[in-house]
Visitor: 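Before we start, here is the structure in question, set down as structure tokens.
We count ligands from 1, going down the list as the structure has it; atoms in each ligand are counted the same way. A quick note: this is a predicted structure, and the numbers were derived from the prediction, not measured.
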Amino acid sequence: MEEFRAPKGTRDVLPPESARWERLVALFAARVERAGFGLVLSPLFEDVGVFTRVGEGTDVVRKEMYDFADKDGRPLALRPEGTAPVVRAYVQHRPPLPFKAWYAAPNFRYERPQAGRYRQHHQLGVEALGTDDPDLDAEVVALAWSVARDLGLARVDLVLNSLGDDACRPAYLDALRAHLAARVDQLCDEHRATAAAHPLRVLDCKRPECVSATGDAPRTVDHLCADCAGHFDRVGRGLAALGVPWRLDPRLVRGLDYYTRTTFELKASALESAQNGIGGGGRYDNLAEALGGPPTPGIGFGMGVERLLLACDAEGAFAGPGGAVDVWVVDTTGGSAAMALAAELREAGVGADRSFGGRSMKAQFKAADRSGARLALVVGDREASEGTVTVRDMRTGDQEVVARDLVVDVVGMRL
Ligand code: HAM
């Protein structure tokens with residue numbers, strides 16, 4: 001029979017890795033809920049227009065989107081990112097502003113798979129709609145920073161840029177186009193053809209030709225109008241007030257089209273530079289309108305779960321939890337004692353498991369050891385006839401015989 005494997009660019013996450021994953025999501029949820037964000041669940045697929053309308057010039061939408069027609073011929077796409085769906089949901093439901101949403105969801109991009117780059121990846125993200133106050137930018141950027149800190153990551157750089165707005169960006173783009181037009185022969189094959197239509201994408205290109213041709217390209221921060229410059233200045237001061245270290249990266253334009261003003265990225269220096277972006281985001285003050293809603297400014301970020309965990313591995317941070325259960329019940333009298341004891345422990349809120357199939361004492365202890373449980377509760381013939389249970393500390397080997405009626409309380413005290 002053919003043996004199936006997970007599709008290229010996707011991964012199964014099995015225990016114990018999945019327990020670490022769960023803890024990461026819980027840590028993120030706790031952090032952002034303390035800042036007033038509420039969980040939003042939106043569909044994994046949307047009308048394809050939700051994405052094409054906001055990213056026509058980007059690889060994410062043009063080349064990597066999993067788009068398809070459903071059985072009725074409706075044009076749909078698996079979500080390649082999480083911002084447009086949340087903004088679409090805001091436009092549809094019009095919740096009170098500010099609308100502060102968080103999510104933990106998979107995204108799908110037809111990328112060339114490699115370590116840290118998948119066709120299905122998972123993002124933890126927030127989106128805040130309804131104000132263009134730069135204090136919110138500082139809070140949102142600081143939130144991403146504090147997630148990295150909560151994980152114990154020390155080698156993370158925070159870079160910021162401002163992309164300006166409709167008032168100042170057209171003049172900047174003209175200046176950038178002129179710079180690129182004078183160097184069009186030096187650009188990579190792809191951007192030679194598309195530089196005039198999507199000049200910002202050239203700044204995002206990692207190929208050496210484009211990097212060297214744009215080394216002295218005009219910088220957005222030098223072309224900001226007074227409002228955008230004032231906004232960016234206040235974001236920087238807000239971050240300083242919150243004690244968050246950052247530096248300007250004038251080349252940071254990000255890989256999606258909807259950004260205005262503040263953009264930012266967190267880079268883990270412990271990872272390879274092609275996949276060291278552990279999170280990124282920015283403002284998108286025109287996105288709600290582009291999706292048919294009222295003009296509503298917004299800002300958010302997404303952090304890649306897989307990359308965060310890779311960065312943790314590289315730094316030896318955020319170790320996985322210990323055993324899946326605290327107690328292993330070893331029963332050599334047939335199994336019904338183990339079933340009753342495990343059920344009682346679970347009712348009392350203690351994680352407990354056991355072996356099945358009438359295995360030998362030795363095999364059951366081996367399973368207990370492998371499980372990482374701290375205590376083994378042993379019911380053999382002697383214990384069964386005496387009405388006792390032997391409690392064994394799996395680390396020290398110390399044993400204590402306890403009355404059956406008291407064993408759940410004793411376990412509660414020992415853990
Ligand atoms: P993004 O930079 O495309 O932004 O993705 C956010 C994060 O997701 C990246 O920093 C990276 O950690 C992770 N990521 C992206 N693609 C992959 C992949 N193929 N494999 C593994 N990890 C990946 C966004 O998606 C925006 N929606 C972020 C945002 C929210 N902007 C405003 N609000």
Visitor: Under the rule for side-chain hydrogen bond (donor to acceptor under 3.5 Å, both in side chains), what residues qualify as partners of Glu22, not counting sequence neighbours?
Guide: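 By the side-chain hydrogen bond (donor to acceptor under 3.5 Å, both in side chains) rule, Glu22 matches no residue at all.
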Visitor: Tell me yes or no: between the side chains of His179 and Arg183, is some donor less than 3.5 Å from an acceptor?
Guide: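 Indeed, the side chains of His179 and Arg183 share at least one donor-acceptor pair under 3.5 Å.
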Visitor: Considering the heavy atoms of Gly280, write down every atom of ligand 1 situated less than 4.0 Å from one of them.
Guide: 10 (O), 28 (C), 29 (C)
Visitor: Is a salt bridge present between Asp257 and Arg62, judged by a nitrogen-to-oxygen distance below 4.0 Å?
Guide: no
Visitor: Could you check whether Glu81 and Tyr258, counting side-chain N and O atoms only, form a donor-acceptor pair closer than 3.5 Å?
Guide: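 Present: a donor and an acceptor within the cut-off.
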Visitor: Please confirm whether Gln123 comes within less than 3.5 Å of ligand 1 when only nitrogen or oxygen atoms on both sides are compared.
Guide: yes
Visitor: Which of the atoms of ligand 1 are close to Ile278, meaning less than 4.0 Å from one of its heavy atoms?
Guide: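 Reading through ligand 1 atom by atom, the close ones are 10 (O), 12 (O).
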Visitor: Which pairs would a plain distance check flag for residues 363-373, meaning a side-chain donor or acceptor within less than 3.5 Å of a matching protein atom at least two apart in sequence or in another chain?
Guide:
residue, atom, partner, partner atom, Å
Gln364, OE1, Asp331, N, 2.8
Gln364, NE2, Asp331, O, 2.9
Gln364, NE2, Arg359, O, 2.9
Ser371, OG, Ala368, O, 2.6
Ser371, OG, Ala373, N, 3.0

Visitor: Would Glu127 and Tyr103 count as having a side-chain donor-acceptor pair, cut-off 3.5 Å?
Guide: yes
Visitor: With the threshold set at under 4.0 angstrom, would you say Arg254 reaches ligand 1 through any of its heavy atoms?
Guide: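 The answer is yes: ligand 1 sits under 4.0 Å from a heavy atom of Arg254.
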Visitor: Under 4.0 Å between a side-chain nitrogen and a carboxylate oxygen: does that hold for Glu111 and Lys8?
Guide: no
Visitor: Looking at Tyr259, which atoms of ligand 1 are within less than 4.0 Å of one of its heavy atoms?
Guide: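 Under 4.0 Å from Tyr259, ligand 1 has these atoms: 26 (C), 28 (C), 29 (C), 31 (N), 32 (C).
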Visitor: Quick one: does Tyr258 get an N or O within less than 3.5 Å of an N or O on ligand 1?
Guide: yes
Visitor: Does some non-hydrogen atom of Glu306 fall short of 4.0 Å from ligand 1?
Guide: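 No, that is not the case, since the closest heavy atom of the residue is not under 4.0 Å from the ligand.
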Visitor: Looking only at non-hydrogen atoms, which of Met303, Arg307, Arg109 approaches atom 25 (O) of ligand 1 most closely?
Guide: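 Nearest option to atom 25 (O) of ligand 1, by heavy atoms: Arg109.
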Visitor: Any idea which protein heavy atom is nearest atom 13 (C) of ligand 1, and the distance to it?
Guide: Gly304 CA, 3.7 Å
Visitor: Considering only NZ, NE, NH1 and NH2 on the basic side and carboxylate oxygens on the acidic side, decide whether Glu3 and Arg5 come within less than 4.0 Å.
Guide: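 Arg5 and Glu3: salt-bridged.
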Visitor: Under the 3.5 angstrom rule, does the side chain of His121 hit a backbone N or O of Arg117 as a donor-acceptor pair?
Guide: no
Visitor: Determine whether the side chains of Tyr90 and Thr296 contain a donor N or O and an acceptor N or O closer than 3.5 Å.
Guide: yes
Visitor: Contact between ligand 1 and Gly116 is defined here as a heavy atom of the residue under 4.0 Å from a ligand atom; is it met?
Guide: yes
Visitor: Hey, does the Lys NZ or Arg CZ of Arg354 hover above the aromatic six-ring of Phe356, less than 6.0 Å from the centre and inside 45° of the axis?
Guide: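 Satisfied, under 6.0 Å and within 45°.
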Visitor: Give me the nearest non-hydrogen protein atom to atom 9 (C) of ligand 1 as residue plus atom name, then the distance to 0.1 Å.
Guide: Gly277 O, 3.9 Å
Visitor: Mark up the atoms of ligand 1 that fall under 4.0 Å of a heavy atom belonging to Glu81, in ascending order.
Guide: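 In order of numbering, the contacting atoms are 25 (O), 26 (C), 27 (N).
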Visitor: Looking only at N/O atoms, are Tyr118 and ligand 1 under 3.5 Å apart anywhere?
Guide: yes
Visitor: Among all protein non-hydrogen atoms, which one is nearest to atom 24 (C) of ligand 1, and what is the separation to 0.1 Å?
Guide: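 Among all protein heavy atoms, the one nearest atom 24 (C) of ligand 1 is Leu256 CD1, 3.6 Å.
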Visitor: Which protein heavy atom lies closest to atom 19 (N) of ligand 1, and at what distance to 0.1 Å?
Guide: Glu111 OE2, 2.5 Å
Visitor: Output yes when the distance from some N or O of ligand 1 to some N or O of Arg117 is under 3.5 Å, and no in every other case.
Guide: no
Visitor: Among protein heavy atoms, which sits nearest to atom 32 (C) of ligand 1, and what does the distance come to when rounded to 0.1 Å?
Guide: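 Checked against all protein heavy atoms, atom 32 (C) of ligand 1 sits closest to Gly300 O, 3.2 Å.
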Visitor: Taking non-hydrogen atoms only, is Leu266 closer than 4.0 angstrom to ligand 1 via side chain, backbone, both or neither?
Guide: neither
Visitor: Is it the case that the side chains of Thr214 and Arg251 hold a donor-acceptor pair, with the cut-off being a distance below 3.5 Å and no angle test?
Guide: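 Distance-only check passes for Arg251 and Thr214.
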Visitor: Applying the side-chain contact (heavy atoms from CB on, under 4.5 Å) criterion to Leu124, which one of Val147, Val305, Leu27 satisfies it?
Guide: Val305
Visitor: Return the closest protein heavy atom for atom 33 (N) of ligand 1 as residue, atom name and distance.
Guide: Glu127 OE1, 2.8 Å
Visitor: Distance to 0.1 Å, residue and atom name: give those for the protein heavy atom nearest to atom 30 (C) of ligand 1.
Guide: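 Answer, as residue, atom name and distance: Thr83 OG1, 2.9 Å.
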Visitor: Do Asp137 and His231 get their side chains close enough for a donor-acceptor pair, meaning under 3.5 Å?
Guide: yes
Visitor: What protein heavy atom sits nearest atom 7 (C) of ligand 1, and how far off is it?
Guide: Gly302 O, 3.6 Å
Visitor: May I ask you to check if ligand 1 and Ile299 share an N or O to N or O distance below 3.5 Å?
Guide: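 No; every N/O pair is 3.5 Å or more apart.
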Visitor: Which one of His121, Arg112, Arg283 has a non-hydrogen atom at the shortest distance from atom 17 (C) of ligand 1?
Guide: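 Heavy atom nearest to atom 17 (C) of ligand 1 belongs to His121.
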Visitor: So is Gly279 close enough to ligand 1, meaning a heavy atom under 4.0 angstrom away?
Guide: yes
